[in-house]
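Here's the structure, in C-alpha cells; my notes come after.
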Amino acid sequence: MNLPWLDAGEPFPDVSTAWDETQPAPGLLAAGGALDVDSLHRAYSSGIFPWFSHGQPILWWSTDPRMVLFTGEFKLHRSLRKTLQKFVADPRCEVRIDSAFEDVIRGCAGSERPGQSGTWIVPRMVKAYEAFHRAGYAHSVETWIDGKLEAGLYCVGVGRAVFGESMFTRVPDGSKIALAALVAFSRAHGIGLVDCQQNTSHLASLGAREIPRADFVAHVARNTRQPAPRWRFEPVYWNHLLPPKTTA
C-alpha cells in the first residue's frame, strides 16, 4: 500500500496505479506536490483532482468508476422546471459567470453539509483555485436575485473538458439553478459531459452516473485539446433546457 510522494513539479503517476477497492482509500493516487497553476492544469488534464482536509498533505485522486453528468441526460424534474421558468421570466433574476468567483468559492467553503463536520475547501485550496481562476481555468456560475449573489457553483474548464467542484446556496433551489445554467451553457457549446468526481444521491437524482475511469480519461484527453468556450452566460442558452413556446 505504498503511496507515491511527489515533489513540487514532479509528474503524476499513471492513474491506473491509484489505489483500488482492496485498499483503504480507493482512488487515491499520490500525496505531496504543489497546488500551483501548472500542477492543477496537469492534474485535471489527466483526470486527477486534489482533495484533502485540515492537517493532511495534498492528496491527489483518480477514482474508478468516475461520477459524471452527461449534459444530455440532465433530469429537469417538474418542480425544478417550474422554478427555472419563474427565474428566467423574472427581470430581477439572472445568471452570471465569473463575476464573483472569490465569493462563490468562499460560499462553498462555508456551507454546512449533512454528515460532514468540516470542509475539504481549506484555505490553501481557496487560494490555489483563486489563482487558477485568474489563469482562466476555474470558473463560477452564479445565481443573482435582486442584485444579490444567492447561490452558485465553481468548476474547472480545460479546453472543452469541464469538472464540477462544489455548490452553495442561500435560497431554495439556488444551486440547482446554477447547475442547470452550467448544463445549458455546456449544451450551447457542445460540451457533453461534466465531471462530478464523487457519487452522491443528490447528483444521481439529477441524472449523473458512473462510468469507467478509462472512458473518462479518454474523454478528458480528447476535450482538453479543444478550444475553450467563452465563459459568459447568455439568456438564450436557457433554450437548451427550456425550449421557447411556439405558436400554431
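Heavy-atom basis, side chains included; hydrogens, waters and symmetry copies ignored. Since this is a predicted model, take the numbers as computed values, not measurements.
How far CH2 of Trp60 is from CZ of Arg42: 8.0 Å, rounded to the nearest 0.5 Å. In this structure, CD on Glu150 lies 6.5 Å from CZ on Arg170, to the nearest 0.5 angstrom. Here CD of Gln198 is found 10.0 Å from CD of Glu210. Values are rounded to the nearest 0.5 Å. Going from atom NE2 of His189 over to atom CH2 of Trp231 covers 8.5 Å, rounded to the nearest 0.5 Å. Note that CD of Glu94 and OG of Ser99 are 7.5 Å apart. Values are rounded to the nearest 0.5 Å. Atom CG in Leu76 sits 12.0 Å away from atom NZ in Lys82 (nearest 0.5 Å).
For Trp51, the CH2 atom counts as loosely surrounded, since its 6.0 Å shell holds 12 or fewer non-hydrogen atoms of other residues, nucleotides or ligands.
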- Message: Quick one, Phe233 with Phe185, criterion ring-ring contact (aromatic ring centres under 6.0 Å, His included). Give me CA distance, side-chain angles, the key distance, then yes/no.
- Response: CA-CA 7 Å; Phe233 193 84; Phe185 171 89; 7.3 Å; no

- Query: Does the pair Ser62 and Phe216 meet the rule for a side-chain contact (heavy atoms from CB on, under 4.5 Å), with working shown?
  - Reply: CA-CA 10 Å; Ser62 185; Phe216 174 73; over 6 Å; no

- Leu35 vs Leu40, side-chain contact (heavy atoms from CB on, under 4.5 Å): CA-CA, chis, key distance, verdict: CA-CA 6 Å; Leu35 287 174; Leu40 288 172; 4.1 Å; yes

- Query: Phe87 and Thr143: side-chain contact (heavy atoms from CB on, under 4.5 Å), yes or no, with the steps?
  - Reply: CA-CA 10 Å; Phe87 182 89; Thr143 303; 3.6 Å; yes

- Item | Intermediate values then yes/no, side-chain contact (heavy atoms from CB on, under 4.5 Å), Ile105 and Ile121 | CA-CA 8 Å; Ile105 193 171; Ile121 311 174; 4.1 Å; yes

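The nearest pair of heavy atoms linking His139 to Gly136 is NE2-O, 3.3 Å. Summarising the geometry of Ala151 relative to Gly174, their closest heavy-atom pair is CB-C, 3.3 Å, with the distance given to 0.1 Å. Scanning both residues, Ser45 and Val158, for their nearest heavy atoms gives OG-CG1, 3.7 Å. Nearest heavy-atom pair across Asp195 and Phe163 is OD2-CD2, 3.5 Å. Considering every non-hydrogen atom in both Cys108 and Gly152, the closest pair reads SG-O, 4.5 Å. The minimum heavy-atom distance linking Cys155 with Leu182 is given by the pair SG-CD1, 4.4 Å.
Screening residues 128-138 for salt bridge (charged side-chain N to carboxylate O under 4.0 Å, His left out), with sequence neighbours left out, gives Arg106-Glu130.
A heavy-atom distance below 4.5 Å is found between the side chains of Leu193 and Phe70. Contact of the Leu179 side chain with the Lys176 side chain is not registered, since no non-hydrogen atoms from C-beta on lie closer than 4.5 Å. Tyr129 has its side chain within reach of Val156: a pair of non-hydrogen atoms, C-beta onward, lies under 4.5 Å apart. No side-chain heavy atom of Thr63 sits less than 4.5 Å from a side-chain heavy atom of Gln197. In this structure, Val95 and Tyr237 have side chains that are not in contact, with every pair of non-hydrogen atoms separated by 4.5 Å or more. Taking the side chain as every heavy atom from C-beta outward, Val122 and Gln56 never approach each other to under 4.5 Å. Residues Leu203 and Leu69 are not in side-chain contact: their nearest non-hydrogen atoms beyond the backbone lie 4.5 Å or more apart. A heavy-atom distance below 4.5 Å is found between the side chains of Arg209 and Glu73.
Listed by chain and residue number, nothing satisfies the side chain to side chain donor-acceptor pair (under 3.5 Å) test with Arg160 (two or more places apart in sequence, or in another chain).
Using a distance-only test at 3.5 Å, with no hydrogens or angles considered, a donor-acceptor pair links the side chain of Asp36 to the main chain of Ser39. Between the side chain of His219 and the backbone N or O of Gly192 there is no donor-acceptor pair closer than 3.5 Å. The main-chain N or O of Asp20 is found under 3.5 Å from a side-chain atom of Gln23 such that the two form a donor-acceptor pair. In terms of modelled atom types and a separation under 3.5 Å, the side chain of Arg187 and the main chain of Thr71 share a donor-acceptor contact.
Taking a cutoff of 4.0 Å between a charged side-chain nitrogen and a carboxylate oxygen, Arg92 and Asp90 qualify as a salt bridge.
Between Phe132 and Tyr137, the angle of the ring planes lies from 30° to 60°, which puts this pair in the tilted group.
A side-chain donor from one of Glu142 and Ser140 sits under 3.5 Å from a side-chain acceptor of the other.
Both Val171 and Ile177 are members of a single hydrophobic cluster when ILVMFWY side chains are connected at heavy-atom separations under 4.5 Å. Linking ILVMFWY side-chain heavy atoms closer than 4.5 Å, directly or via other members, places Val217 and Met67 in two distinct hydrophobic clusters.
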